Amino acid sequence: MSTSAKGGWAASGGGGGASMEYVSTRGGTGTVDFEGALFSGYAPDQGLFMPQHIPLLDGDTLRRWSSLSYRELVKELCSLFITAELIPRSMLNDLIDRAFSRFRHKDVVHLSRLKDGLNVLELWHGVTYAFKDLSLSCTGQFLQYFLEKKQKHVTILVGTSGDTGSSAIESVRGQKNMDIFVLLPKGFCTQIQELQMTTVIEDNVHVFAAHGNSDEIDEPIKELFADVDFARKYNLMSLNSVNWSRIMVQIAHHFYAYFQCAPSLDTTPLPVVEIVVPTGGGGNITAGCIAQKMGLPIRLVAAVNSNDIIHRTVQHGDFSLSESVKATLASAMDIQEPYNVERILWLLSGSDSHLIKTLMERFSASKSLTLPEDLHRKLSETLHSCSASDEDIVRAMQRCWEENHYLLCPHSAVAAHYHYSQPDGAPRCCLAPASAAKFQDALLRAGLVPQLPPEITALTAMKTRSTPLDRGQDWAQALRGWIEAMAQWREAQRHCLAASGQQGITGQGVTQT
């Protein structure tokens, strides 16, 4: 296989180009390799890491890749962004196979072809029934690989609007060289989403139920990462989609969706397929923009709920907060500050980090930004968008059930709403980020009967553990205290084990109530 890219980067065969490095969208830090980007989360200048150059695939490569399984596509794509010096190709393949070993579907993901041209790519066959299992299971394996190699310990800090927390927990639970601290917005997740986090009783898993919304729980996390000395002392990192590894794996969704839904690859130019992406924090749509830059002929649609900042940005260049986050049926997308938009704007600006730094600092200060005319034009040429109300979501869920006896989760229904509103029969694929089983209230609202797998039903009888974070409390300071206490406990355990001549880390950890 041969690839080429703007800026002269080229790769051949397995293992990635030797010069694949990553830079911050804000330009205030030097280049890092994949390992550096993986362990950083936010860049030191508060930007987001992106590949310095995007590999460009030719038509022949795309045709060859069209017969690959999802699992093989992930391997090919990851090998372009991770050099063989860091992870040899054979080891990379093994890590990805290990990551997908717990998935319930033999193909990892599955395309359901439904009536009226509705193609639904089910990305939710992992442990937590959400698409984030795909990228986080791989990311967890990459982390473990480097940590074991260097005998290092990290502290993972994650804010979740619903699904990220449980997927992140499952990817690292029980690992002796990682502690994970997860903040969930109490009352803004479904009961099942919350239980998938609070029922994991492991020494290295620490769950906090914060009395605030998704954007509010991001603030203390940003504060701790901004404290460079603290972040360095405790090896802080993030598994939110600020982490490049998450975006990288998600690029495969778009390639697989394209190959499954393209009518024929025998034509030149290759046909275009529209991919509809339910969008919250913007990680999946960012992965789609990168796939586009790599030469995949897709038309991207960012489908949002009533929290429509991305829709307003695409339509009018208005990247500004509304007065408040609206609670919707598609709760995992109830986000007002989609941080991955920064990556998209960086891509479209021609990697103009000075411009992105200026724009993001302006947005951070005022929570309001009007995109420069040229940048808005490029964005609206790259992305289409739509916004779905709760009523739209309910109608899409009902129609899909009536026509197919197929249950959509409310997030998938946002994408289906767009499909049902289109008059044409163009090739189109709707990404389905979660199983309907996780959203009983939304199904009942639509007059539909939930179909609950036994793993989900069993959650309600399990013991739970979490720590409340109340309004008015200094959440950042509380987290500091927990992280410091956990590190002290780990150190005490190490001393005890060293004294007794044992290896490894065991024990009960800090009790949470």
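Scope of the values below: all heavy atoms of this structure, side chains included, with no hydrogens, waters or symmetry mates. All figures in this text were calculated on a predicted structure; none of them were measured in a lab.
- Proximity of a side-chain donor or acceptor of D390 to a complementary backbone N or O of L329 within less than 3.5 Å is detected.
- Ring to ring, H153 and Y234 are not that close: their centroids are 6.0 angstrom or more apart.
- In this pair, F319 and F363 present their aromatic rings tilted. The plane angle is within the 30 to 60° band.
- Between F142 and F34, the distance separating the two ring centers is shorter than 6.0 angstrom.
- Aromatic ring pairs are classed by plane angle as parallel below 30°, tilted from 30° to 60° and perpendicular above 60°; the pair H125 and H110 is perpendicular.
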For this session: For I335 and N307, run side chain to side chain contact (heavy atoms under 4.5 Å, CB included): C-alpha distance rounded to whole Å, both residues' side-chain angles, the deciding distance at 0.1 Å, then the answer.
Result: CA-CA 6 Å; I335 291 172; N307 298 289; over 6 Å; no
Problem set entry | Verdict with supporting geometry, D334 and K326, salt bridge (charged side-chain N to carboxylate O under 4.0 Å, His left out) | CA-CA 7 Å; D334 290 347; K326 302 178 182 75; over 6 Å; no
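- A 4.5 Å side-chain heavy-atom check between L147 and V154 finds at least one atom pair inside the cut-off.
- No donor-acceptor pair closer than 3.5 Å links the side chain of E342 to the backbone N or O of G47.
- No side-chain heavy atom of L92 sits less than 4.5 Å from a side-chain heavy atom of D94.
- Counting only distance, with no hydrogens or angles, the side chain of Q151 and the backbone of E148 share a donor-acceptor pair below 3.5 Å.
- When all heavy atoms of G126 and D133 are compared, the closest pair comes out as C-OD2, 3.2 Å.
- A side-chain donor-acceptor contact under 3.5 Å links R312 to the backbone of S320.
- Separation of the F208 and W482 ring centroids falls under the 6.0 Å cut-off.
- Side chain of S366 to main chain of R362: a donor-acceptor pair is present (N/O by atom type, distance under 3.5 Å, no hydrogens or angles).
- Side-chain N or O atoms of S40 include none that pairs as donor or acceptor with a backbone N or O of A43 at under 3.5 Å.
- Taking the six-membered ring for Trp and the full ring otherwise, the centers of H206 and F181 sit less than 6.0 Å from each other.
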